[in-house]
Each structure stands twice: as structure tokens, then as C-alpha cells.
K.L.:
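I have a structure I would like to understand better, so I am pasting it below and will then ask my questions one at a time.
Worth knowing before you read on, the calculation uses all heavy atoms, side chains too, and leaves out hydrogens, waters and symmetry mates. Not measured: the values here are computed from a predicted model.
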Amino acid sequence: MRVRRTFTAISVSAALALLAACAPTQSAPAAAGGDDQTGTLRVWLFDEASRAPKEAAVKEAITEFKAAHAGVDVDVQWVPVEGRADKFSGAFNDPSNAPDVAEFGNTDVASYAQTGALSDLSGDISSWSEGKDLLPTVLDTAKSGGKTYGLPWYTGIRALYYRTDVFTELGLEPPATLAELTDDARKIHAAKPDLYGISTGGKYTYALLPFVWANGGDVAKSDGGKWTSTVESAPAKAGITAYANLLKDDICPPAACANLTGTQSVTAFAGGKAGMTIGGDFNRKAVEQGAVKGKYAVVPLPGTTPGSVAPAFAGGNLLGVFGASKRHGLAVQFAELLAGAKYQEKMYNAMGNLPTLQSVQKKLAASDPTLKPFVDTLAAGTKFVPSTPGWSKIDSQNVLPTAVQQIATGGKDVDGALADATAAMNKNFG
């Protein structure tokens, strides 16, 4: 998931700041719900650092919903992203205090599904008039165990930001491959030692993963429902090594970059301290407010061969319905209203959230050229992290970032770092 400036995300921005998923406490089975058509619908949505635009769009949706449903009110609670684990755990343990509709990150799906507290929305999405417009790869991020636990509300995709003024001065073209990206980054830092060739960090998992996937690797595989680490495979090792090589003295010195998170990496670029960075569509407003305004462009992160695009992580947030809801039908209808084309466009205009409906993406990209590289990246194909509660633990323990940092700083060689990562991952997978 990506949670936003509060979070801004999943507009990534705060999402960006991309949050580690937290596994909730398992409790007794959720209470059976109902289908009352009147009363108050309880809704949990993530709070934002600048909530006003999001709140305005949601209030408009509430007004429309209440006009179409006599005797219905909608009560929205704004949940701080940092406190979501305790909030959701409480709802899982006490269904009487659970909301009807809730926003949550797609990396939390497997953990939340394990509680049995969320409704399977597979049938609802199949019968939803706009459901067929959902991007299949994005819809997959809402699934666990063959069931769909949320309506994709928005997605977060990362691409390559680069300094047009620096590239022009040095006679560089946007890199066509990851190898060219590394070469360009080295040239930039050599010519301008005050700039990182590319600002990316050891704690930036979602910048690392495209390197693994572009090299034909993955971080884990599932066999009969059991997940095991694959980071020691040759393709994954090649991708991790290529990424760690960006955190070197001749590109992004490990003393400064090994501990950078995704948000910090983008902040360095926005502040004029780097020639390139890997950032999300949700980061664009922050970059526009920085020192590089008017001096940057964005292209899809290239793959290993010219013309290819490195698969991006499909982050994002969903709208789910609790099984304990006494107003299941109303809850689904309200979630569908917020996740429909009208309010996806309004949320994009308000917060920069990348829509999950293909038709809305195309419409917005046609009027906003800056959206095109992210839409093209989505169209090229995205990937997701292992859909299992074990991934939440691996993520929160910084297993992969630790390996990258060890390789970048020379603390361990590649084989040693990845052997340790494999052991830690398999222990958490169980």
C-alpha cells in the first residue's frame, strides 16, 4: 500500500510514503451482518496532511448518496495512517465497533483477509456496471485466496524523474535501459559532484523491486499456498546487485544514500540535489513545489532491453466492506460511488490520485500529458508483493533493505546478504 502525505499517496506521497503493512490480531469470527436500508453508514477513510480537498470530494459524494437514499446518513471518521493497525485490530476483535466501509492499503489485504472480518466483494464487482473497466493487474492487488476484498480506489505507480537541464547540458538522452540509467547516473555525478547521479535509497523497497522484476526475477514464489524466498536466484540476484550498485560513491554515496527512504529520495530530487530519482505519480505535486520546477521530465523506468519498461509495483488503496455491517448493500453502493468514474476523476483533481478505471486514466492522460508516463507504465504491466501475511512481517523488519544496505556498504557480499535475507523471509513465511 502506499499511504499518503499524511500520508499523501498511496498519492504516494505519502504514500508515498509507502507504509509497511501491519498484521492485525486474529479474534473470534466476525458477527453476521445484515442489509438494512436506513440508518447511519459508518465510513473510515485515511486522514491526510492536507485533507481539505479529499474531504470536499467525499462530502459531495455523501450529498449525492443521501439524495438517492432516503433515511440514510453517512458518518465519516478520518483515521491517521500511523494508527491504523490498532484501529483495524480493534474492529476485527469487536465487530460491533467495526465500520461499514473502510479505506485500507492493498499490501494489508492478505493480513486483513486472514481475520475473516472483511466481505468478499467478488460478486459485487462482477455485477458492478463499472467493474469491467478496472485494470486487471490493479484488481489483482485486492485479492487473497481467490477472493476480492476491496474496490480499487486509486493506484500509485512509480516512474523515472530526470533533470532536463542537466541532461541537456551533458548531452544525455533519457536512458533506454537500466544499464544506461546507471551509466548516466555515473556521468552526472562525475560532472557535477554536488549532485547525486540518482537519488535512491537503501530503504526504498519499491524502487528496488522493478530492478528485480526487470531482470526476470522475483522475491518469492508460492507452491501449494506455501511461500518461499527466491532472492538468491540468479535473476533476482542480478536485479538486487544492479540496484545496490546505484548506492556507490560514484553515483549516490552510501554514507548519504544507504538510509534514504522513498520519500527522502524524492525530496532530494525535488530540492535540486540529484539528476534523477524514481518517484510516483503521487509525488509530482511535491516535485512541482521544489527547486526543480520547470526543469524536469518523467519517463517510464526502462527495463533491461531498449524499448522495455521495468514492471512497477502496483501500490494503492482500496475500499472494503466489513462482514459485520448491518447495511451491506448500502455499504457496497457507497464504495462503488466513491470508486466510480465520477469521483475517481474528482479525487485525481483534488489529490493527484491515479485512477484505477482505464477510461478515466485515458481521459485524464489526454488532457494532462504529465500523467502519460505513469499510465504507460501501468499499461506495460505491473507486479505485486507476495499476497500473504508473512510479507507484512518481512516488510516491517526491513529484510530486503538490510540486504541492499549490506551490499552497498560492503558490510557483506551479495551471497552472504541474500542468504541472510532468505533465512529471514522463509522464517516469516512459515
K.L.:
When you compare the side chain of Asp376 with that of Val309, does any pair of heavy atoms fall below 4.5 Å?
P.N.:
no

K.L.:
For residues Thr305 and Ser308, report the shortest heavy-atom separation together with the two atoms involved.
P.N.:
O-OG, 2.6 Å

K.L.:
Does one side chain, of Tyr204 or Arg158, offer a donor that lies under 3.5 Å from an acceptor on the other?
P.N.:
yes

K.L.:
With Lys87 as the cation and Trp44 as the aromatic partner, state whether NZ or CZ is under 6.0 Å from the six-membered ring centre and within 45° of the axis.
P.N.:
yes

K.L.:
Just by distance, with hydrogens left out, do Thr356 and Thr155 show a side-chain donor and acceptor under 3.5 Å apart?
P.N.:
no

K.L.:
Taking 4.0 angstrom as the limit, do Lys237 and Glu232 come out as a salt bridge?
P.N.:
no

K.L.:
Do the side-chain N and O atoms of Tyr149 and Ser122 include a donor-acceptor pair separated by under 3.5 angstrom?
P.N.:
no

K.L.:
Taking the side chain as every heavy atom from C-beta outward, state whether Pro306 and Thr177 have any atom pair closer than 4.5 Å.
P.N.:
yes

K.L.:
Side-chain contact, heavy-atom cut-off 4.5 Å: Asp47 with Val79?
P.N.:
no

K.L.:
Would you tell me whether Ser359 and Asp133 have side-chain atoms, one donor and one acceptor, within less than 3.5 Å of each other?
P.N.:
yes

K.L.:
Determine whether Val101 and Leu338 make a side-chain contact, defined as any pair of heavy atoms from C-beta on separated by less than 4.5 Å.
P.N.:
no

K.L.:
Measure the CG-NZ distance between Asp100 and Lys326 for me, rounded to the nearest 0.5 Å.
P.N.:
10.5 Å

K.L.:
Looking just at side-chain N and O atoms, do Gln405 and Asn259 make a donor-acceptor pair shorter than 3.5 Å?
P.N.:
yes

K.L.:
Looking only at non-hydrogen atoms, find the nearest pair between Pro355 and Gln344 and report the distance.
P.N.:
CB-OE1, 2.9 Å

K.L.:
Check for a donor-acceptor pair, side chain of Asp368 on one end and backbone N or O of Thr370 on the other, with a separation under 3.5 Å.
P.N.:
yes

K.L.:
With a 6.0 Å cut-off on ring centres, are Tyr112 and Phe88 close enough?
P.N.:
yes

K.L.:
Can Asp73 and Lys66 be counted as an ion pair, charged N to O under 4.0 angstrom?
P.N.:
yes

K.L.:
When rounded to the nearest 0.5 angstrom, what distance separates CG in Leu364 from CG in Leu354?
P.N.:
8.5 Å

K.L.:
Is the closest side-chain donor-acceptor distance between Glu103 and Asn317 under 3.5 Å?
P.N.:
yes

K.L.:
Quick check: closest heavy atoms across Leu121 and Gly320, and the distance to 0.1 Å?
P.N.:
CD1-CA, 4.5 Å

K.L.:
Could you walk me through whether Lys372 and Val375 satisfy the side-chain contact (heavy atoms from CB on, under 4.5 Å) test, starting with their C-alpha distance in whole Å, then the side-chain angles of each, then the deciding distance to 0.1 Å, before giving a yes or no?
P.N.:
CA-CA 5 Å; Lys372 187 177 187 300; Val375 172; 5.7 Å; no

K.L.:
Going by atom type alone, with no hydrogens or angles, which donor-acceptor pairs under 3.5 Å involve a side-chain atom of residues 380-388 and a protein atom two or more places apart or on another chain?
P.N.:
{"unit_1": "Thr382", "atom_1": "OG1", "unit_2": "Thr137", "atom_2": "OG1", "d": "3.3"}
{"unit_1": "Ser387", "atom_1": "OG", "unit_2": "Lys143", "atom_2": "O", "d": "3.3"}
{"unit_1": "Thr388", "atom_1": "OG1", "unit_2": "Gly390", "atom_2": "N", "d": "3.3"}

K.L.:
Over all heavy atoms of both residues, which pair between Ala159 and Pro300 is shortest? Give the atoms and the distance, please.
P.N.:
CB-CA, 4.2 Å

K.L.:
According to ring pair (Phe, Tyr, Trp, His ring centres under 6.0 Å), does anything in residues 317-353 pair up with another residue at least two apart or in another chain? List the pairs.
P.N.:
Phe65-Phe334, Phe92-Phe322

K.L.:
Considering only heavy atoms from C-beta outward, does the side chain of Phe269 approach that of Val266 to under 4.5 Å?
P.N.:
no

K.L.:
Looking only at heavy atoms, which two atoms of Ser229 and Phe429 are closest? And how far apart?
P.N.:
N-CE1, 4.0 Å

